[in-house]
Amino acid sequence: MTLDRDAALEMDREDRLAGFRDRFRLRDGLIYLDGNSLGPMQDGVQERVRCCLEDEWGRDLIASWNKADWYTLPRRLGAKIAPLIGAGPDDVVVTDSTSVNLFKVLAAALSLRPDRKVIVSERSNFPTDLYMIEGLARFAGRDHELRLVDAPQDIEEAITGDVAAVVLTEVNYRTGWMHDMKAITRRVHDAGGLVIWDLAHSAGALPVDLAGADADFAIGCGYKYLNGGPGAPAFLYVAPRFQDSVTQPLSGWFGHADPFAMASSYDAAPGIHRFLTGTPPVISMVALEAALELWDDVSLTALREKSVGLCEFFIARVEERCGAFGLQLVSPRQAGQRGSQVCFSHENAFAIMQALIARDVVGDFRAPDILRFGFAPLYVRYVDLFDAVEHLADILRTAEWDQARFMARGAVT
Ligand SMILES: *Cc1c(COP(=O)(O)O)cnc(C)c1O
């Protein structure tokens, strides 16, 4: 595909989702391809947070739990996320972090399979998922075995009759590989196990159908494609069939059937609410709530179509313009196996990414050698990708990256 910049601009003019970009705060000149790490702010968010600070906390104080409906935030936000992930409105809550939610749902899953000792995941899964699994597998005298699979194609084989739970991230954070949620879930169920899907790189990036796939549990992030702000609370899904019987160990008062009865022993709330733990971070919750409003107007089919279009365009452009400089495509070439990101490996990936960032093209680096570009379809334009690739080609051709200032690593990469 040989294209000029005008062709990219024409693709943007034909883009059905083009109108959403104006709702995001993206300064002129910035090409932001890192919405899979931290989504940008939308206009309405600041106003909603200001109202929470001034009117609710600042003026009405404790009365706001009822008056401003702070109390129902976890389920209200859950109901807003539900249609993005193919869940019923009462089957999702927003609470805690993705890491903590994984602990809760994995503990719940293991309690449903007490005779089984194997937990399956991928070695390339996001580290916190693996660390949380390890923590729980060893916790309180447990002796669960963690069976890590090296290639996504080998997962089915690892799912044997001794497996209690399978924990997979639908879209791999590094490679962008997308699992077949339906086929793997069926396979896990046929083997008598339960499956937990991490949707950190799915929710808001592509359509998800948890109910259609018959998934057991799911978790995911509020601050990536859902644009809820730094450290935004996470979400958690439990299939309706388990909600009233399963237990989870972080049994705090917000998961109690009647928190304000102040009873001295725990009585789990009905439904998904038993997966809540403590007082929600209200200011972060209202920021996420305001950020979620635009999804009412988004067609997930259009979202996916544009995401695929952006990925294909970027791959073709990089291969055409940068093919001679040693970049290797790490993401699947087939759209059906790929999420909304494209990654290339290069031995100097870190410095190359720093040089790109210095030119206001923001992607990120993932150790050891990956240049990662995330494409949030609501605000990334084809022309952004055209320009990003021209910058990348320039940086590679002139070895601009080969300078001491691009080698220094901060605490967060
Ligand atoms: C980003 C991400 C997380 C983040 O977990 P936190 O608890 O919010 O830090 C977890 N899992 C995956 C797959 C991620 O990509």
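It should be emphasised that the depicted structure is a prediction, and the values quoted were computed from it without experimental measurement. Both counts, for ligands and for their atoms, begin at 1 and track the order of listing. When reading the values below, keep in mind they use all heavy atoms of this one structure, side chains included, and skip hydrogens, waters and symmetry mates.
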Undergrad: Quick one: does T169 get an N or O within less than 3.5 Å of an N or O on ligand 1?
TA: no
Undergrad: Using a 4.0 Å heavy-atom cut-off, say whether V100 meets ligand 1 through its side chain, its backbone, both or neither.
TA: neither
Undergrad: Which atoms of ligand 1 have any heavy atom of S97 under 4.0 Å away?
TA: 7 (O)
Undergrad: For ligand 1, which atoms, with element, lie under 4.0 Å from some heavy atom of T128?
TA: 5 (O), 10 (C)
Undergrad: Going by distance alone, is a donor N or O of one side chain under 3.5 Å from an acceptor N or O of the other, for D364 and S37?
TA: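 Yes, side-chain donor-acceptor contact under 3.5 Å.
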Undergrad: Among Y173, F126, Y223, F103, which one puts a heavy atom closest to atom 8 (O) of ligand 1?
TA: Y223
Undergrad: Which residue in the set Y32, F314, F344 passes ring pair (Phe, Tyr, Trp, His ring centres under 6.0 Å) when paired with F373?
TA: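 The option that passes is F314.
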Undergrad: Parallel under 30°, tilted from 30 to 60°, perpendicular over 60°: which one fits the rings of F275 and F217?
TA: tilted
Undergrad: Atom CZ in R409, atom CD in Q354: separation rounded to 0.5 Å?
TA: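 Going from the CZ atom of R409 to the CD atom of Q354 covers 8.5 Å.
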Undergrad: Return the closest protein heavy atom for atom 7 (O) of ligand 1 as residue, atom name and distance.
TA: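 For atom 7 (O) of ligand 1, the nearest protein heavy atom is S99 OG, 2.6 Å.
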Undergrad: Using the ring of each side chain (for Trp, its six-membered ring), is F365 parallel, tilted or perpendicular to F350, with breaks at 30° and 60°?
TA: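 Plane angle over 60°, so perpendicular.
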Undergrad: Taking the minimum heavy-atom distance to atom 3 (C) of ligand 1, which of K224, H201, R174 ranks first?
TA: K224
Undergrad: For residues H346 and D369, determine if any side-chain heavy atom of one lies less than 4.5 Å from a side-chain heavy atom of the other.
TA: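 Heavy-atom side-chain distance check fails, nothing below 4.5 Å.
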Undergrad: To the nearest 0.1 Å, how far is atom 5 (O) of ligand 1 from its closest protein heavy atom, and which atom is that?
TA: T98 CB, 3.5 Å
